[in-house]
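Heads up: the structure comes next, in structure tokens.
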Amino acid sequence: MLFHYKPSPNSLADRVILITGASRGIGRAVAKAFASQGATVILLARNIPHLESLYDEIEKSGAPTPAIYPFNLANAIPEDYEKLRENIEKPFGKLDGILHNAAMLGSLTSIEHTPLEQWYQVMQVNLHAAFLLTRATLPLLKRAKEASIIFSTPEVGHKARAYWGAYAVSKFGGEALMQILADELEINTNIRVNSINPGRIKTQLRTAAYPAEDPKKLKMPEEIIPFYLYLMGSESLGMTGHSF
């Protein structure tokens, strides 16, 4: 049903939305869609040239001027997230939404042979970063009239399989974090929290995980945009703790 969802024009007007992993793939497509609906998007990723390219695209489209925030989730410390909150608070005073989209695949190998450093890094990018970012920005989300947090939870974050190791464990953790936040914030706040399983989408991460897969059989990121628009927009008000 949500594949055919069409929001009214400017459904995200005057909203400030932070997107991690915004420089490519799903994050890039969603950032452009949110901006086209009137949102001011904060583009967070580590690849500065890709961020600048996306910035130019959005600005040329006539959408609200976005903000670029170069940030490496793999080595960021708690103080970096506090600084991020301060840098959002100064110009905007609030935050209306977060899309936790950034992800690191790591090696598809057995637990026995998983490099320890890689295990920690995947956990840092896929799970710890979502916790630290959400925790740091909750005061800003609470100031919004209504706020939405969206997690990205692929199939292996619901049912694990052999050799998916750190990636699957981190995504299971992200799904648990989503459910906990939804439960905690449902009472006495204006914040809803949900997750989306993107499915088989043509991204660099998908190609790395399934190098022999025929890319022609994959959906493009733009095809699943309606899910994100629905969960970030007012029509999903009151919906929280759900996995789509």
Side-chain angles (χ1 to χ4, degrees), residues 2-3 5 17-34 39 41-47 50 54 71 73-74 95 97-106 108 121-135 137 141 147-161 164-182 191-210 218-233 236 239-244:
L2 290 183
F3 273 115
Y5 170 73
I17 303 172
L18 174 63
I19 302 168
T20 71
S23 62
R24 64 189 186 191
I26 294 172
R28 188 182 188 95
V30 173
K32 291 163 66 175
F34 285 172
V41 289
I42 302 172
L43 310 172
L44 186 148
R46 62 181 179 176
N47 190 309
H50 287 183
L54 177 57
F71 199 89
L73 298 172
L95 187 62
I98 301 174
L99 169 58
H100 290 298
N101 170 74
M104 179 179 182
L105 178 63
L108 298 185
Q121 193 168 52
V122 171
M123 291 298 167
Q124 176 67 20
V125 172
N126 296 356
L127 180 56
H128 299 163
F131 161 72
L132 291 165
L133 178 55
T134 303
R135 185 176 184 273
T137 58
L141 291 161
S148 176
I149 303 172
I150 303 174
F151 284 78
S152 179
T153 308
E155 183 181 351
V156 292
H158 296 277
K159 181 171 177 55
R161 298 196 298 271
W164 282 84
Y167 182 74
V169 172
S170 67
K171 288 301 183 177
F172 259 90
E175 183 69 8
L177 179 58
M178 179 279 286
Q179 294 176 19
I180 292 168
L181 283 167
I191 306 169
R192 58 195 185 278
V193 193
N194 297 282
S195 68
I196 293 175
N197 174 2
R200 301 170 63 205
I201 306 299
K202 188 178 180 180
T203 64
Q204 287 190 13
L205 190 148
R206 179 80 189 187
T207 299
Y210 298 95
L218 303 177
K219 288 184 172 64
M220 298 299 292
E222 290 76 12
E223 294 183 65
I224 59 171
I225 293 301
F227 287 90
Y228 295 88
L229 289 173
Y230 173 74
L231 288 179
M232 195 58 71
S236 62
M239 181 172 291
T240 192
H242 295 276
S243 299
F244 291 84

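Every heavy atom of this structure was used, including side-chain atoms; hydrogens, water molecules and symmetry mates were not. None of these values were measured; they are calculated from a predicted model.
- With values rounded to the nearest 0.5 angstrom, R206 atom CZ is found 8.5 Å from I201 atom CD1.
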Show your working on side chain to side chain contact (heavy atoms under 4.5 Å, CB included) between V30 and F34 and close with a plain yes or no. CA-CA 6 Å; V30 173; F34 285 172; 3.4 Å; yes
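- No donor-acceptor pair closer than 3.5 Å links the side chain of Q179 to the backbone N or O of A176.
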Show, in sequence, the C-alpha distance, side-chain angles and deciding distance for S170 and M104, and conclude whether the side chain to side chain contact (heavy atoms under 4.5 Å, CB included) test is met. CA-CA 10 Å; S170 67; M104 179 179 182; over 6 Å; no
Run the numbers on H100 and L133 for side chain to side chain contact (heavy atoms under 4.5 Å, CB included), then give the verdict. CA-CA 9 Å; H100 290 298; L133 178 55; 3.8 Å; yes
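- For the pair V193 and T240, the tightest heavy-atom approach, listed with the atom from each and the gap, is N-OG1, 2.9 Å.
- Panel note: side chain N126, backbone K171; no donor-acceptor pair is recorded below 3.5 Å.
- The aromatic ring centres of F244 and F227 sit 6.0 Å or more apart.
- Summarising the geometry of M232 relative to I17, their closest heavy-atom pair is CG-CD1, 3.5 Å, with the distance given to 0.1 Å.
- Not counting sequence neighbours, the partners of R200 by the salt bridge (Lys or Arg N to Asp or Glu O under 4.0 Å) test are E213.
- The shortest heavy-atom contact between A31 and L54 is CB-CD2, 4.1 Å.
- Of the N and O atoms on the side chains of H242 and S236, not one donor lies less than 3.5 Å from an acceptor on the other residue.
- Results of the side-chain contact (heavy atoms from CB on, under 4.5 Å) test with L99 over T20, I19, L231 single out I19 as the only residue that passes.
- One distance of note links CD1 of I224 with NZ of K219; it measures 9.0 Å at 0.5 Å rounding.
- Expressed to the nearest 0.5 Å, how far CD1 of I150 lies from OH of Y228 amounts to 7.5 Å.
- The minimum heavy-atom distance linking S23 with R28 is given by the pair O-NH1, 2.9 Å.
- The shortest non-hydrogen separation linking A160 to A168 is CB-CB, 4.2 Å.
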L73 vs L44, side chain to side chain contact (heavy atoms under 4.5 Å, CB included): CA-CA, chis, key distance, verdict: CA-CA 9 Å; L73 298 172; L44 186 148; 4.2 Å; yes
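- Using a distance-only test at 3.5 Å, with no hydrogens or angles considered, no donor-acceptor pair links the side chain of N194 to the main chain of S243.
- Separating the NE2 atom in H128 from the CZ atom in R135 is a distance of 14.0 Å, to the nearest 0.5 Å.
- Residue Q124 qualifies as enclosed at atom CD: its count of foreign heavy atoms under 6.0 Å is above 12.
- In this structure, K32 NZ and L43 CG are separated by 11.5 Å, a value rounded to the nearest 0.5 Å.
- Counting all heavy atoms, side chain and backbone alike, A130 lies closest to F151 at CB-CE2, 3.8 Å.
- Taking CE from M123 and OH from Y167, the interatomic distance works out to 12.0 Å, rounded to the nearest 0.5 Å.
- Ring geometry for Y230 versus Y5: interplanar angle over 60°, hence perpendicular rather than tilted (30 to 60°).
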